[in-house]
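Take a look at the structure below.
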Amino acid sequence: MSVRVTEEVVRWCLRFRSRRSPWQQRGFLLTTSVKDPPLPSQQLAHIWGTRQSQTCLDRSPVNSVRFYSQGGIHSKDLEEKELLSSPVGESSPLAEIQSDEQTQRRSLFLDRVQQCGSPSDVLDLTYQYSPTVRQVSNCLTRMWSTTKKMSDEQRRYELQLMFEHPAFAKLLQKAMKGVGHMSNDDMAYSLLGMVKLGVPQSSRVVQTFLRTCQENLNDFDEKGLSILASCLEHMDSSTNADALKEGMRLVVEARLPGIKTVMALQTMMRLLGKDAPLNLKRKLEGKALSMTDQFSLPNTQYMITTMATIGFFSKPLLDVCSKTIKENLNGIPFNRLFTVLQSCRDLHYRDFDLLTGISEYVASIIDVWTKKQVVLFLSVFENLAFCPAALMEAFAKKVITNPEALTLKDLLCVLKVYSSLNYDLQHQRQQFLESLSRALDSYLHKMSGFELLKAVYHLCLLGHIPSALLEHLLQSSTLEKFNATAPRFLPHQERMFQTVNLCLRLESPPLPQPVTVPPSVLGNPAPSSQSVNQWLQQGLQSVLGDQADTMLQEMVMVENFYLIDAVISKPLPKQTSLTEASSCAGEESPPAESSQRIAIICTQHSGFCYGTSNPRGPLAVKIRHLRILGYNPVLVTEQELQSEEKRTDFLRGRIFPEHLRSDTQPKVEQPGS
C-alpha cells in the first residue's frame, strides 16, 4: 500500500473519530453587531453572557464575561487535550511524514498571516486554516499590529468589523482553551494583543490568561516579563490584574540584579509605576546607572519618558541621558524629541545646554518641520519657561512671510509663547506683530469672546494694541458673553481685562477713536494680604541705616493693580536736573515728585526665563508700567537674599549702584605724593 493511500486512511479515521453534531461544530456563539464603533469593548461585554469565573490564586471570585453560550466542557475540548497529550506514533515513519507536512502547513499559514492587512483578513484566514495553539498567538499579534498605522477613523471601522466577524469569538474561544499549552511568550503576546484590540478586560478569556500568567509567573524569562509589563501598563484595576502586578513587582525586585537589557529594565520600571516604594525606585536607579554604558540613543530618550511615567526624578540619570541626546540631535524624529521635552516638563528638569541645542537644531532645519510641529515645540518650551531664541527668531521670519498659514489655534498659541517669554525681536518686532494682527483680523468673526480677549491681552503684553480686535472686544454684544463665565475662571478673566485697561491708560496707543474698558468686566481688585519678605525687610533696614533723607514704604499698591514690595524715596541730587532724572527713572514721563523712587520687587526665579535675567510676560509689563509711572524698578529674587552675610552688600549694589561704582573706581595718586 502506498504512502499516499495510508495517509488517506489515517485522515479518514481521524475525521470519523472527530465527528460531532452540527450544533457542536458551529458552537452557536452569541454575537450581534457593534452599535458604537468607538467603544467595541463595552458593547462586547454585553453581547456574551456572564458567569462566575474560576477562583484566582488568592481565591477571590471575579465576575467575568464568557464567550460562548453553552456551559460545560465540549467533547472537542477533550479531543484536543487527547491529541495534544497523546504520544502515539511519535517514532513511526507515518508520524514523521505527517510532522513534515504539518511543519510546511504551519510555515505557509504564518506566511499568509504576515500578508494580512487588517484584523478581518486574519480572521478570514482562520476559516481556511485551523490555527494551532501557537498560531492563535500569531493571529492575535498580527491583528493588533495591522491597526497600529491606521488613522483613528479607519481603526474604529476595522475594529467594528473585527467584533462583528463570526470567526473572532471562535478564535478567542480557542485561545482560552489552549492557554495551558502555550509557551510563556505566546501567552504574554496573546494577552497583549487582546488588550490592545479592545477585548473587554473583565471577559473570561482575559481573566483566564491573567490567572494562567499568575500560575506560571516564576517561569517567565526577561522577555516574557517585559511583554507582560507592557500589557499590564494598559489594563484597569481588577482582582487578577492587581494580583499579577503585585507578583511581578516581587519577581522584578528579586531578579533586579540579573536583568541584562536596558529595554527590559525600562519596561519593568514602567510596570512598577508611581506607586512603587521609594527604596525600590532607588534600586532601579542604581541598576540603570550601572548600565549607562549600554544606553543607545533610543534608550536615553525612553529612559527620560519612563522616569516621567513613574514620577521619579533622578538627576544623575537625567544628566547622562541629556548628554547623549545633546550629542546626537541630528536625525531624532519629531515625536521622540517632543516627547523628551514633555517629559522634562513633567519632571521639572531643565538642562540649559540641552534646551539650547534642541532650539538651535529645530531652527536650523525649520523648513523640514510642519508649522504645527514648530508651534508644538514653541508651546512646550514656553511650559519649561525657556526662551528658545534661535527658534523664535527663525519662526518669526516664517510668520512674517506667510501669516495666513496659521490657524486660529496656532495664532493664539504663538501669541501666548512670544508674550510669555518676552523675546525681543528687535528690527523684526513691528512686522511680526502686524502680521499676527492681520491674520487675527481674518478670524475676527469666528473667534469666541474668550479667544478674542486672549488675543488682545497677549498683544497688549507685547506692547501692541490692535484697534480692530480691541473695538470688537469692547462691543456690548461681545461683553455680554462674559456674564456667563464660570466663577472659577472669573479672576483670570478680570485680570486680563485689568491689564488691557492699564495698557490703554498708561501707554496711550494711537487708536482711530478712544475706547475704554467698562468697569463691569474689571471687577474689584482684591486687597492684598501679603507681607513683605522678611529677608528683604532686614536687608533694606541695614542698607538704609546709614542713608540720610531716604524714606522706606513697604507693600505699596500702585494703580490698584501692581503690588510693590518696597519703595525707597530719596531726594534728587542737586546737580541733576529734572529732565536727567526722568531719563533714569522713567522713559515716558517724569516722576510726580522731585525725588527718585526706587521700586523693589521680590520675585521667584519662575518670573524669569530659565537661565537668564529676562523677565517673563506679566513681570515685564509690570516693569514697563512702573517706569512709565516714574519708578526705577529693581528686581531681586528670594534665592539672592538667603545669604545673611552677603545680603546687605547685594542690596546696596542693586539699589545704589553709584556707590558701588565709586567704591570700585581705582584711586588716582596725586602728583608729588
Side-chain angles (χ1 to χ4, degrees), residues 411-412 415-416 418-420 422 433-434 436-437 440-441 444 447-530 555-564 567 586-592 597 599 601 603 607 615-631 633:
L411 287 166
L412 293 175
L415 276 174
K416 181 176 182 292
Y418 278 78
S419 63
S420 173
N422 188 32
L433 294 175
E434 288 176 355
L436 288 177
S437 297
L440 285 166
D441 287 346
L444 191 57
M447 282 190 275
S448 66
F450 193 67
E451 288 174 335
L452 188 57
L453 174 59
K454 286 196 294 184
V456 173
Y457 168 74
H458 290 303
L459 283 169
C460 285
L461 292 185
L462 288 166
H464 180 80
I465 301 180
S467 58
L469 293 172
L470 185 62
E471 290 174 4
H472 197 73
L473 172 66
L474 297 180
Q475 288 178 357
S476 57
S477 58
T478 305
L479 292 174
E480 287 175 359
K481 299 177 183 178
F482 293 100
N483 295 330
T485 302
R488 68 178 183 275
F489 299 124
L490 198 58
H492 181 53
Q493 174 184 299
E494 291 176 349
R495 189 80 179 174
M496 287 195 288
F497 270 117
Q498 290 165 6
T499 302
V500 172
N501 182 53
L502 271 177
C503 290
L504 287 174
R505 288 198 299 105
L506 298 179
E507 300 180 21
S508 303
L511 297 173
Q513 56 185 8
V515 291
T516 57
V517 179
S520 58
V521 293
L522 292 175
N524 296 319
S528 175
S529 58
Q530 297 180 10
M555 306 308 288
V556 178
M557 181 70 74
V558 179
E559 297 290 326
N560 285 328
F561 189 71
Y562 294 125
L563 184 65
I564 306 175
V567 175
E587 297 175 359
E588 282 80 2
S589 62
R597 292 178 297 173
I601 303 169
T603 184
R616 297 178 64 194
L619 181 58
V621 174
K622 180 177 182 178
I623 293 170
R624 189 169 78 221
H625 286 172
L626 288 178
R627 283 178 176 156
I628 294 173
L629 292 168
Y631 292 91

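Contact detail for Gln498 and Leu522: the closest heavy-atom pair is NE2-O, 2.6 Å. Of all heavy-atom pairs between Val515 and Glu471, the closest is CG1-CG, 4.4 Å. In terms of heavy-atom proximity, Pro615 sits nearest to Ala620 at O-CB, 3.9 Å. Contact record, Leu563 with Met555: CD2-CE, 3.4 Å, taken as the closest heavy-atom pair. Shown here for Gly449 and Leu473, the closest heavy-atom pair between the two residues is O-CD1, 4.3 Å. Smallest separation of non-hydrogen atoms from Arg627 and Pro633: CG-CD, 3.6 Å.
Under the 4.5 Å side-chain criterion, counting only non-hydrogen atoms from C-beta, Ile465 is in contact with Cys503. Between Leu459 and Leu415, the closest side-chain pair of non-hydrogen atoms falls below 4.5 Å. Side-chain atoms of Asn422 and Leu619, non-hydrogen and from C-beta on, never get closer than 4.5 Å to each other. Between Val558 and His625, every side-chain heavy-atom pair lies at or beyond the 4.5 Å cut-off.
Tested against Ser419, the residues Arg616, His464, His458 include a single side-chain hydrogen bond (donor to acceptor under 3.5 Å, both in side chains) partner, His458.
Put simply, SG on Cys460 and CG on Leu504 are 6.0 Å apart, with the number rounded to the nearest 0.5 Å. The structure places CG of Leu444 at 6.5 Å from CG of Leu452, a figure rounded to the nearest 0.5 Å. Interatomic distance, NZ of Lys454 versus CG of Leu469, reported as 14.0 Å (0.5 Å rounding). To the nearest 0.5 angstrom, Leu626 atom CG is 9.5 Å from Ile628 atom CD1.
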Subject >> Stepwise side-chain contact (heavy atoms from CB on, under 4.5 Å) check, Tyr562 with Val621 >> reply: CA-CA 10 Å; Tyr562 294 125; Val621 174; 3.6 Å; yes
Original post:
How far apart are the C-alpha atoms of Phe482 and Phe497, what are their side-chain angles, what is the distance that settles it, and do they pass the ring pair (Phe, Tyr, Trp, His ring centres under 6.0 Å) test?
Top reply: CA-CA 11 Å; Phe482 293 100; Phe497 270 117; 5.2 Å; yes
**OP:** Take Phe561 and Thr499 through the side-chain contact (heavy atoms from CB on, under 4.5 Å) test and state the conclusion after the steps.
**Re:** CA-CA 9 Å; Phe561 189 71; Thr499 302; 3.4 Å; yes
Original post:
So Asn501 and Val521, side-chain contact (heavy atoms from CB on, under 4.5 Å) or not? Walk me through it.
Top reply: CA-CA 10 Å; Asn501 182 53; Val521 293; over 6 Å; no
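Side-chain N or O atoms of Arg624 include none that pairs as donor or acceptor with a backbone N or O of Glu507 at under 3.5 Å. In terms of modelled atom types and a separation under 3.5 Å, the side chain of Lys481 and the main chain of Phe450 share no donor-acceptor contact. Listed for the Thr478 side chain is no donor-acceptor partner under 3.5 Å among the backbone atoms of Leu474.
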